[in-house]
2 protein chains.
Amino acid sequence: MNVEDLVKTSGEWLRGTGPESDIVISSRIRLARNLADYPFVNRADDSTRLEIVETLREPLTDVPVPSRMHYVRVDELEPIDRRLLVERQLISHEHAEMPGPRAVALSEHENVSLMVNEEDHLRIQVIHSGLALDECWEEINKIDDSIEEHVTYAFSDQLGYLTACPTNVGTGIRCSVMMHLPALSMTKEIQKVVNALHKINLAVRGLYGEGSQAMGDFYQISNQVTLGRSERSILSTLKDVVPSIIKYERRVRDALVKDNRDDLHDQIARAYGTLRSAQKISSEETMHLLSSVRMGVNLGLIDDLEIQTINELFIYTQPAHLQVLKHQTLSNSERNVVRAAFLRDRLSGRQNGS
Amino acid sequence: MNVEDLVKTSGEWLRGTGPESDIVISSRIRLARNLADYPFVNRADDSTRLEIVETLREPLTDVPVPSRMHYVRVDELEPIDRRLLVERQLISHEHAEMPGPRAVALSEHENVSLMVNEEDHLRIQVIHSGLALDECWEEINKIDDSIEEHVTYAFSDQLGYLTACPTNVGTGIRCSVMMHLPALSMTKEIQKVVNALHKINLAVRGLYGEGSQAMGDFYQISNQVTLGRSERSILSTLKDVVPSIIKYERRVRDALVKDNRDDLHDQIARAYGTLRSAQKISSEETMHLLSSVRMGVNLGLIDDLEIQTINELFIYTQPAHLQVLKHQTLSNSERNVVRAAFLRDRLSGRQNGS
């Protein structure tokens, strides 16, 4: 598989459909698993890591998913291609940067990605468009079971699944929902939400996981603790909380429209105008403006643009995507020019962006 | 004549042609004249002022110009229509606001406007597109002579033409050139130009004359003193100076393009984008953005827009024009919405702006 071919289509999770997809971009579940017969990754030397990569090759390419699985040796990729996988949310930043033999198994629709030798031997990830935690849960369970038919997981009757980091011990599950909350962000109400979520042990992160900024008003909400709680209980905490955040965001949007329609419309229209006109633009400004435009489409203030297009632009305007699309290495200021041209092109209706 | 019909076409001096019209919007000459048989306007009561208005009616409508002359009683106009004449540069702000019987004779092409009972009994004004002081001088001389066949001007062999304000005594002439100097403005070089012009007794004003701000990077350069100098000498001072300012502006534009093309192009493209997208916009921001766009057209960075369109937009986005176009009185915030709609409409290529 040529990783750079990924840019020809976008991941299915970006299609902008599914329940509550005006606010919930995607739902994701990942499971942390380790093989009983090998030391944890941080204790394994390169030859052991290589053995793990080879041991998992067949089990991971045979998992029951609708589209074909591809097994990619991440350590053999060019840095730009690793970065591309990060931008597409298929591998973590850590997985891209760490040393040693490692791999990822990807489904063609990009709903499923199975990282080998990240923090744990195996990270199983399923991602769906919109609020679809149950679908993720159903699919990831089948994948997990299918893999377990071939290998023996490190498991303790007392603790549950054993993982490299204690915070994952037990179920090894992390459920997360990526939400677009521009109204809560604009009115600073988001801080109340973050505080409330922290109290019930839910984490709030940016688009690219741990430590990343909430660029483009994207907030990833996930469970922090897995030990001592069942998967079902973790899942239902999130399923209880997310609808009330959606409701809160909608209420603030309605209030903004009601009290400040002209200002809001103006801000959104100018953002759209700038994205269609700029000759150079940073990634940060792009995210910021796309966020306004995305809300504008949802509120019916922009009517000539699909949510899927905007969702894709958030990903395609990232540095690695731009460079793969242009087939060349670009400096920061060159990227700003290419990014602006790409945005003008996509937003003027033509679909050939390079 | 219905003054509001003026908005159906734009003054010929806005057509954006003529020598150096990328930088010189228009050239204007005005002559201050008074009738020997009447006291100055500030000493004349209403019945005297009315007599002056009636005495000048025929001489002023009979002046030799290519298009028909209309004689308009300014004191009988609605405030909005007086304001419209100010925005079109056909009467002064003072003439619009002062009390008492007064009039203006207008040529249909709006090149010629003859104010009656402004500061002086008569202000003869001729305006042409581009750098065209000689054409103005030739035309205004004929008009002046034609009027003098009917009336006797207040004239002293020693002082020349007598005027209400001592600064106009002598020739009563003011020659001015309206220049668009965005590059000098952007780089703050304009201050050097202003200082140099003051030293040779040339005044620098904004779009609407005395005391007005240099909005939209427009600078009106004119002679200050008329006493003791011949018309020819005043004219030639201006004719000597203007080309060097044009050269300076062009040199700075070239340097901006050479050293900072991407930044400049980006700034201009964003300005254009905002004008085509905003849902509300102030007059000040409009002038500022139109100024960038105008320079962009001149530099070939925008290729789907005529200079005449931009020249007209500077005038048509003013408060009175918007209200006459919409046939209604509008508050400041309503105007901002109407202005934005008008700009979007005109700049998207359609020509029906209301």
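Lettering of chains follows the sequences in order, A, B, ..., and the numbering in each one begins at 1.
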Item to check | Sequence-distant partners of Asp254(B), salt bridge (Lys or Arg N to Asp or Glu O under 4.0 Å), two or more places apart | outcome: none
Item to check | Greater than 12 external heavy atoms within 6.0 Å of Gln328(B)'s CD | outcome: yes
Next on the checklist: Under 4.5 Å from any heavy atom of chain A, what part of Ile281(B) do you find: side chain, backbone, both or neither?
Outcome noted: both
Checklist entry - Given a strict heavy-atom distance threshold of 4.5 Å, which part of Arg276(B) is in contact with chain A: side chain, backbone, both, or neither? => result side chain
Next on the checklist: Test your reading of the model: is there a side-chain donor-acceptor pair from Asp266(A) to the backbone of Gln279(B), 3.5 Å cut-off?
Outcome noted: yes
Item to check | Over all atoms of both residues, closest heavy-atom pair of Gly273(A) and Ser277(B) | outcome: CA-OG, 3.0 Å
Item to check | Shortest non-hydrogen contact between Glu285(B) and Arg270(A), atoms and distance | outcome: OE2-NH1, 2.8 Å
Next on the checklist: I'd like to check His265(A) versus Val337(B) (side-chain heavy atoms, cut-off strictly below 4.5 Å). Are they in contact?
Outcome noted: no
Item to check | Residue pairs, two or more places apart or on separate chains, that pass salt bridge (Lys or Arg N to Asp or Glu O under 4.0 Å) and touch residues 298-310 of chain B | outcome: none
